[in-house]
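Here's the structure, in structure tokens; my notes come after.
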Amino acid sequence: MPVSLDTTYEHMLENLIAKVGATGAINYLARQAGYRQCPPTIEDFLNNSDYLGNAFPKKDGKIQHRQVWYDLVKDIFPNQFYSPYYEVIVSGAIGTGKSVWASIIMMYDICRVLCLENPQNYYGVLPSTRIVFATVNITVKQAKDVLYEQLISWIMESSFFRSFLNKNKNKKATDALFINRIDIMLASRAEQTTGRAILGAILDEANFQSVVKDQAARNYGSILRRVESRFLGKGGSLPGHMILSSSKSDESGWLQGHIVEVKENPHVLIKECPIWEDKKDEGIYSGQTFQVFIGDDTRDPFVVKDQDNIKDVDPQSIIKVPIEYYGSFDGDIFKSLQEIAGCGTFAAKKFIPSVELIKECQIRPNPVTKEVIELSFSDQSDQLINYILFDKLSKDRRPRFIHIDLGITNDRTGIASLYHAGTVSIRRFDPDTLTYMMVREPIFFIDFILYVKGKGGDAVAIGKIKSLLQHLRTKNYPIGGVSMDGFQSVYFLQELMTIGFETEKVSTDLTKEPYAYLKNAILESRLNGVEHPILHHELSNLIDVGKKIDHPSPDDKYSKDGSDAIAGAMWHLFTSMNEHHGITWCPNDYLDALEEH
């Protein structure tokens with residue numbers, strides 16, 4: 001009866017262990033596999049002062065580890081030669097040490113590579129190849145401050161890592177950090193990794209990498225391609241790790257979408273950690289909990305005080321929170337969900353956080369026959385006025401302000417008309433006096449909103465927009481002003497002026513003021529709007545990207561044509577009221593005058 005190969009190897013291993021012991025057998029097999037020395041186990045790496053033992057606080061001479069993260073890295077590295085994962089995602093609450101433990105995972109990967117006799121030969125790349133571990137953050141400076149300096153500090157505290165530093169007397173600043181051309185690099189953009197043989201990487205704060213468009217997605221894709229092109233092994237295995245670390249933002253954050261895509265992949269480990277799981281060993285929790293609904297695309301999150309309120313919700317949208325955090329959640333639930341629970345909510349990062357108030361402001365049918373009008377460029381009988389249900393428009397004679405957000409070829413044009421419809425008293429907190437005060441603010445009424453695209457991919461004919469305004473005026477529609485943005489606006493607005501329209505250039509991209517005012521109007525229930533699914537989607541997904549209010553990527557999924565039109569028209573009306581009466585905030589006198597008429 002033939003002896004199986006597995007049985008032969010098992011017999012040889014048993015003989016080897018019998019002769020030199022288990023540790024001796026592992027060291028022998030490691031040298032045979034190409035290691036100059038056997039890598040430490042992950043436990044030894046974390047506790048032995050030769051490695052990272054000095055990086056952790058000690059109590060009574062014993063190293064203190066956060067158990068939740070300690071267990072995580074033991075799952076990632078069941079032994080020093082193998083990991084079942086090539087990607088690790090660590091997300092959750094702020095202050096739980098995500099970046100620190102992401103750095104530890106990378107340091108252990110570096111340690112294992114340094115233990116190789118000839119890394120380039122082991123991985124089958126050219127001898128001249130510089131093998132790189134990349135630290136990627138929102139900016140290169142943040143990659144240096146948050147990640148790189150931490151790594152260097154640990155390296156200098158470890159006798160193991162110091163022994164592998166490149167100490168060549170003629171070393172240049174651009175030379176590799178370690179011997180055998182092993183290096184650590186900083187990056188914030190995909191193009192900065194071009195041509196690099198990247199074995200592993202940390203993408204820190206992946207949800208917030210938005211300095212340039214699609215920054216996180218492009219960084220991830222670029223680095224993964226570089227890892228796979230040089231180091232992909234049998235069965236799709238990779239020797240290093242892609243480590244994605246970030247606090248939660250919202251359900252449209254890039255990392256949230258990526259988690260959905262990879263959650264069924266057995267080679268991707270996902271750890272989302274609330275702050276109470278990180279601190280569970282500190283003895284600060286009584287064990288009592290309360291329930292929180294984290295919100296969805298139609299309802300805002302809330303602390304559950306009545307079980308009847310959650311009868312129809314997905315049980316996965318309910319979390320249990322230690323009673324010690326009740327005050328925080330009851331006071332600011334959006335911030336608490338993001339920073340304490342580590343939950344990405346539908347509104348945590350949204351510019352307008354309340355999906356319910358957005359829905360509540362859309363209370364009337366839009367008096368337009370089509371959701372999106374496909375307008376012929378050449379057919380002169382196909383006019384925008386034909387799509388407006390004129391008898392459904394408000395009969396109020398107060399002046400309308402119309403804003404046109406003109407789209408380029410294949411983009412939609414948004415056109416909105418609104419007017420001032422009275423005032424309401426608003427209770428506001430004054431941070432200067434630390435008191436509440438009552439102010440009067442205008443109520444805005446949206447008459448209609450149009451989404452227009454050229455038929456067959458053509459551009460929208462500007463002449464037909466001009467015709468719309470003329471047709472409205474012919475029907476005695478009270479137009480008080482027309483505004484527009486974009487490079488096409490100057491000539492068009494001048495042309496409108498020559499035929500008697502009051503015009504203004506209003507930008508919703510160069511300043512955030514129009515959107516800030518629109519946001520306040522929605523949150524204070526001062527916008528009486530129309531129902532439109534595209535407008536609802538746009539308002540619900542607006543984000544603050546720093547210099548302006550924008551929509552998330554990709555462009556084929558998100559837009560802001562209609563919301564730009566609403567914000568532009570409202571801002572034009574509001575500033576016109578202020579300028580007319582020389583006041584800088586609440587136009588009370590003007591509003592009173594309008595109400596009298």
For this session: Would you check if there is a donor-acceptor pair between the side chains of Tyr515 and Asp550 at a distance under 3.5 Å?
Result: no

For this session: Find out whether Phe45 and Leu52 are in side-chain contact, i.e. whether some heavy atom of one side chain is under 4.5 Å from a heavy atom of the other.
Result: yes

Exercise. Between Asp109 and Arg112, which heavy-atom pair has the shortest distance, and what is it?
Worked result: OD1-NH2, 3.1 Å

Exercise. Does a side-chain heavy-atom distance below 4.5 Å link Ser153 with Glu149?
Worked result: no

Problem set entry | pair Ile294-Ile319: side-chain heavy atoms closer than 4.5 Å | yes

For this session: Tell me, please, which residues at least two apart from Phe178 pass ring-ring contact (aromatic ring centres under 6.0 Å, His included).
Result: none

For this session: Identify, with sequence neighbours excluded, every residue that meets ring-ring contact (aromatic ring centres under 6.0 Å, His included) alongside Tyr28.
Result: none

Problem set entry | For Asn166, side chain to side chain contact (heavy atoms under 4.5 Å, CB included) partners two or more places apart | Asn168, Lys171, Asp175

Seminar exercise, completed: The side chain to side chain contact (heavy atoms under 4.5 Å, CB included) partners of Thr289 (sequence neighbours excluded) come to Lys320

Problem set entry | Pair Glu324 + Lys279: basic N to acidic O under 4.0 Å | no

Exercise. Who passes side chain to side chain donor-acceptor pair (under 3.5 Å) against Gln291, sequence neighbours left out?
Worked result: Gln307

For this session: Applying salt bridge (charged side-chain N to carboxylate O under 4.0 Å, His left out), name anything that partners Lys305, two or more places apart in sequence or on another chain.
Result: Asp330

For this session: Consider only side-chain N and O atoms of Thr129 and Arg181, and report whether a donor and an acceptor are under 3.5 Å apart.
Result: no

Exercise. Partners of Tyr148 by ring-ring contact (aromatic ring centres under 6.0 Å, His included), sequence neighbours excluded?
Worked result: none

Seminar exercise, completed: Those residues at least two apart in sequence (or on a different chain) that pass side chain to side chain donor-acceptor pair (under 3.5 Å) with Asn309 are none

Exercise. In terms of side-chain geometry, is the basic nitrogen of Glu117 or Arg31 positioned less than 4.0 Å from the acidic oxygen of its partner?
Worked result: no

Exercise. With sequence neighbours left out, which residue pairs that include part of residues 73-84 fulfil the side-chain hydrogen bond (donor to acceptor under 3.5 Å, both in side chains) condition?
Worked result: Ser83-His241

What pairs of donor and acceptor atoms, side-chain ones from residues 35-44 against any protein atom, are under 3.5 angstrom apart with sequence neighbours left out?
residue: Arg36; atom: NE; partner: Leu116; partner atom: O; Å: 3.4
residue: Thr41; atom: OG1; partner: Asp44; partner atom: N; Å: 3.2
residue: Asp44; atom: OD1; partner: Asn48; partner atom: ND2; Å: 3.4

Problem set entry | ring-ring contact (aromatic ring centres under 6.0 Å, His included) partners for Phe231, two or more places apart | Tyr123

For this session: Using salt bridge (charged side-chain N to carboxylate O under 4.0 Å, His left out) as the criterion, list what pairs up with Asp308, not counting sequence neighbours.
Result: Lys311

Exercise. Would you say the side chains of Trp154 and Asn54 form a donor-acceptor pair under 3.5 Å?
Worked result: no

